[in-house]
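Before I ask anything, here is the structure I am working with.
None of the values given here were measured: they were computed from a predicted structure. Each chain gets a letter, A, B and so on, in the order its sequence line appears, and its residues count up from 1.
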Number of protein chains: 2
Amino acid sequence: MCEKKFRSTCPISSALDLFGDKWTLLIVRDLLYHGSRTFKDFYQAEEKIPSSRLADRLKKLEQLGALTKENHPTNKKVFIYRLTQKGKDLAPVIVDLITWGNKHLEEHISEESKEFAKRLEENREGVLKELMK
Amino acid sequence: MCEKKFRSTCPISSALDLFGDKWTLLIVRDLLYHGSRTFKDFYQAEEKIPSSRLADRLKKLEQLGALTKENHPTNKKVFIYRLTQKGKDLAPVIVDLITWGNKHLEEHISEESKEFAKRLEENREGVLKELMK
DNA sequence: ATAATTGCTTTCAAAATTGAAGCAAAATGT
DNA sequence: ACATTTTGCTTCAATTTTGAAAGCAATTAT
């Protein structure tokens, strides 16, 4: 049953089998920053994910158990997505991508992100703890 | 000139524009573990990358400045690939993927990787230092 | 009652990926 | 010296994935 899913028994390769694309970790990013999001929220992010892609990435992440989908308390048409612990555990990866990007793509990174990256360098553990709570 | 290359000024999204696929970080992985590799070495890795993909990922990583390509000292047909500092700086990302994979995909991860992950948990900084040197 | 919003699904062309075969230069074997 | 193998790719057809746009049904707002 896993034979089709993973290329090898390497944890890196296996993680990439799940997250190795241009969109999945951006969904995780938005949830790390905001705690909870709706379809529309993700859809309106700067990077402009196509709704078809967004729908299937959310489905995959839910099936994987990295996020949950629950009803909005008052609006039946809206769903609320949140990270599970499995999803939150991706925070270190995300945070290291920020550090790498900030160091090596500095010229085109936003000031806001640079400041976040600075906080990270000063206190990685603290920032991580905050993000994952 | 960057307008086509990056979807936004977010460092995460930008890093994913460069590394967000199933193969690129496996090349980095092999170089982190082994120091230097040849085309054949990468090609023979467990995950079976197609040679066409390998060729263009190596080219992209070289253009990006994440690795260098140099001549073999005695065999003119062989090239030696090595990580630059820019490439080595991806080590934290790789290492966090190992930690995540080991925790959440435990049942299908090799014993060898589990042991490495254990060393990581005990001494992340030390292992990182070793990998990046 | 009508219009707008939300969370999708559908469609389809374009782009990326795979797997296999091919190839030239260099190295190795005899 | 000559044939064979190795190495590092390139090429190509077939399949898969993606992106852009349109569509849609069930609410919700007016």
Side-chain angles (χ1 to χ4, degrees), chain A residues 3-8 13-27 30-31 34 36-64 67-83, chain B residues 3-8 10 13-14 16-28 30-31 34 36-64 67-82:
Chain A
E3 281 98 74
K4 284 280 170 56
K5 208 170 180 182
F6 296 112
R7 289 168 292 175
S8 76
S13 139
S14 303
L16 291 175
D17 286 331
L18 301 172
F19 306 111
D21 68 74
K22 299 208 184 307
W23 295 113
T24 303
L25 288 180
L26 292 188
I27 292 174
D30 287 355
L31 287 171
H34 297 104
S36 68
R37 297 262 94 180
T38 65
F39 192 95
K40 191 191 172 200
D41 291 333
F42 293 120
Y43 185 65
Q44 291 179 334
E46 225 189 332
E47 292 86 6
K48 301 289 168 238
I49 185 170
S51 57
S52 48
R53 250 13 50 237
L54 176 53
D56 77 49
R57 292 300 194 270
L58 286 172
K59 197 177 293 175
K60 279 184 186 173
L61 283 168
E62 194 190 353
Q63 283 169 354
L64 177 63
L67 54 75
T68 58
K69 178 182 185 176
E70 52 186 79
N71 292 313
H72 187 279
T74 65
N75 188 326
K76 286 188 178 177
K77 200 70 181 108
V78 174
F79 300 95
I80 309 227
Y81 296 93
R82 288 179 206 282
L83 290 178
Chain B
E3 281 99 73
K4 283 281 169 55
K5 208 170 179 182
F6 297 112
R7 288 169 292 175
S8 76
C10 165
S13 138
S14 302
L16 291 175
D17 286 332
L18 301 173
F19 305 112
D21 67 73
K22 299 206 184 306
W23 295 113
T24 303
L25 288 180
L26 293 188
I27 291 174
V28 176
D30 287 355
L31 287 171
H34 296 104
S36 69
R37 298 261 93 178
T38 65
F39 191 96
K40 191 191 171 199
D41 291 333
F42 292 121
Y43 185 66
Q44 292 179 335
E46 224 189 333
E47 292 85 6
K48 300 292 167 235
I49 186 170
S51 57
S52 47
R53 243 24 36 236
L54 176 54
D56 78 50
R57 291 302 193 269
L58 287 172
K59 197 177 293 173
K60 279 184 185 173
L61 283 168
E62 194 189 354
Q63 284 170 354
L64 177 63
L67 55 75
T68 58
K69 178 182 184 175
E70 52 186 79
N71 291 312
H72 188 278
T74 65
N75 187 328
K76 285 189 179 176
K77 200 69 181 110
V78 174
F79 300 96
I80 310 230
Y81 296 94
R82 290 178 205 283

How long is the line joining CD of B:E62 and P of D:dG8, in whole Å?
14 Å

Out of C:dG19, D:dC9, D:dT27, whichever nucleotide has its closest atom nearest the side chain of B:S52:
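For B:S52, the side-chain atoms sit closest to C:dG19.
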
Starting at atom CG of A:L54, determine the distance to atom C1' of C:dT9, rounded to an integer number of angstrom.
13 Å

Please give, in whole Å, the distance from C:dT10 C1' to A:D56 CG?
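Rounding to the nearest Å, CG of A:D56 and C1' of C:dT10 are 13 Å apart.
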
What are the two closest heavy atoms between B:K69 and B:Y81, and how far apart are they?
CE-OH, 3.4 Å

Nearest-neighbour nucleotide for the B:A55 side chain, C:dA26, D:dT18, D:dT10 considered
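Among the listed nucleotides, the one closest to the side chain of B:A55 is D:dT10.
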
Measure from NZ on A:K77 to P on D:dT27 and round the result to the nearest Å.
7 Å

To the nearest Å, give me how far apart CG (B:D17) and P (D:dT18) are.
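Distance, rounded to whole Å: 14 Å.
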
Would you say a side-chain N or O of A:K69 is under 4.0 Å from OP1 or OP2 of C:dC8?
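Checking C:dC8 against A:K69, a side-chain N or O does come within under 4.0 Å of OP1 or OP2.
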
Between B:D17 and B:K5, is there a salt bridge with N-O shorter than 4.0 Å?
no

Do the charged groups of A:D21 and A:R57 touch, with an N to O distance under 4.0 Å?
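A salt bridge links A:D21 with A:R57.
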
Between D:dT18 and A:R57, is there an OP1 or OP2 to side-chain N/O distance shorter than 4.0 Å?
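Checking A:R57 against D:dT18: at least one side-chain N or O falls below 4.0 Å of OP1 or OP2.
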
Under 4.0 angstrom between A:Y81 side-chain N/O and C:dC8 OP1 or OP2:
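Result: yes.
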
Is any N or O donor-acceptor pair between the side chain of B:T38 and the base of D:dG8 shorter than 3.5 Å?
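It does not, because no donor-acceptor pair links the side chain of B:T38 to the base of D:dG8 below 3.5 Å.
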
If you take all heavy atoms of B:L61 and B:I27, which pair is closest and at what distance?
CD1-CG2, 3.8 Å

Starting from P on C:dT17, measure out to NZ on B:K60 and report it in whole angstrom.
7 Å

What nucleotide, of C:dA26, D:dA20, C:dT6, holds the atom closest to the side chain of A:V78?
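Of C:dA26, D:dA20, C:dT6, C:dT6 is nearest to the side chain of A:V78.
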
Checking side chain to side chain contact (heavy atoms under 4.5 Å, CB included) between B:F79 and each of B:T68, B:L58, B:N71, B:T38, which is the one that passes?
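Between B:F79 and the candidates, side chain to side chain contact (heavy atoms under 4.5 Å, CB included) is satisfied uniquely by B:N71.
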
Between A:R53 (CZ) and D:dA20 (C1'), how many Å, whole number?
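Atom CZ in A:R53 sits about 11 Å away from atom C1' in D:dA20.
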
Does the side chain of A:W23 get closer than 4.0 angstrom to OP1 or OP2 of D:dG19 through an N or O atom?
yes

Closest to side chain of B:K59, choosing from C:dT9, D:dC9, D:dT10
D:dT10

As a test of reading the structure: which of C:dA26, D:dA20, C:dC8 is closest to the side chain of B:K76, going by heavy atoms?
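When the side chain of B:K76 is considered, C:dA26 is the closest of C:dA26, D:dA20, C:dC8.
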
Give the minimum heavy-atom separation between B:K22 and A:R7, together with the two atoms involved.
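In terms of heavy atoms, the two residues are closest at O-NH1, 2.8 Å.
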
Taking any heavy-atom pair under 4.0 Å as a contact, classify A:F79: base, sugar-phosphate, or nothing.
sugar-phosphate

In whole angstroms, how far is the P atom of C:dT17 from the CD1 atom of B:I49?
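In whole Å, C:dT17 P and B:I49 CD1 are 10 Å from each other.
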
Would you kindly check whether a donor in the side chain of A:S51 faces an acceptor in the base of D:dA20, or vice versa, at under 3.5 angstrom?
no

OP1 or OP2 of D:dT7 under 4.0 Å from side-chain N/O of B:K40
yes

